[in-house]
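Note that these values count all heavy atoms, side chains included, but never hydrogens, waters or copies made by symmetry. As the structure is a prediction and not an experimental result, all values here were calculated from the model. Numbers here are sequence positions counted from 1.
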Amino acid sequence: MSALSIAKTLVLSLLCVVVALFVLGMVSGVAGWTAPWIGLGQGGDTRLAWDLAWTILAGVGATAFAARYAPAWPYPHGSVVWAVIVAASVYAVWDMGNDFPFWFVVALLVSLPFQAAGIWLGARYRPR
């Protein structure tokens, strides 16, 4: 493998992970944009559940994106994005856990293995 090929793979790998984190934010942001369209207010358990569901979907989408579009080694790319999601979730629970209902904190932590399923989805549907 030439030095240029290695450099290209490294740059594409970094870009893949960065764009996957962008996908995470964009899909999660859809919850805030679409909530008023279906009549959800600014607070309450229903809105919190709505935001949590979109956050979980965002995690699946981001890990799937990283695994699908990785230039090589799809599972490590998806795992890096998932590790960032885990770290952010654990930090959120640790730092702001008392600000949210108990069901929300438990659901956020329990959803982490489900979000890792995106790695398998992305790797499975990679272009051949």
With sequence neighbours left out, the residues meeting side-chain hydrogen bond (donor to acceptor under 3.5 Å, both in side chains) with Arg126 are none
Connected via hydrophobic side-chain network under 4.5 Å: Leu109 and Ile56:
yes
When you measure from the side chain of [X] to the backbone of [Y], do you find a donor-acceptor pair of N or O atoms at a distance under 3.5 Å?
| X | Y | result |
| --- | --- | --- |
| Trp50 | Ala31 | yes |
| Ser111 | Phe114 | no |
| Thr63 | Val60 | yes |

ring-ring contact (aromatic ring centres under 6.0 Å, His included) filter on Phe100, not counting sequence neighbours, yields Phe104
[X] atom [atom1], neighbour heavy-atom count above 12 within 6.0 Å:
| X | atom1 | result |
| --- | --- | --- |
| Trp103 | CH2 | yes |
| Asn98 | CG | no |
| Tyr75 | OH | yes |

What is the minimum heavy-atom distance between Ser89 and Leu112, and which atoms define it?
OG-CD2, 3.7 Å
Which pairs, with at least one residue in residues 11-38 and sequence neighbours excluded, count as a side-chain hydrogen bond (donor to acceptor under 3.5 Å, both in side chains)?
Ser13-His77
Is any side-chain heavy atom of Pro127 closer than 4.5 Å to one of Arg68?
yes
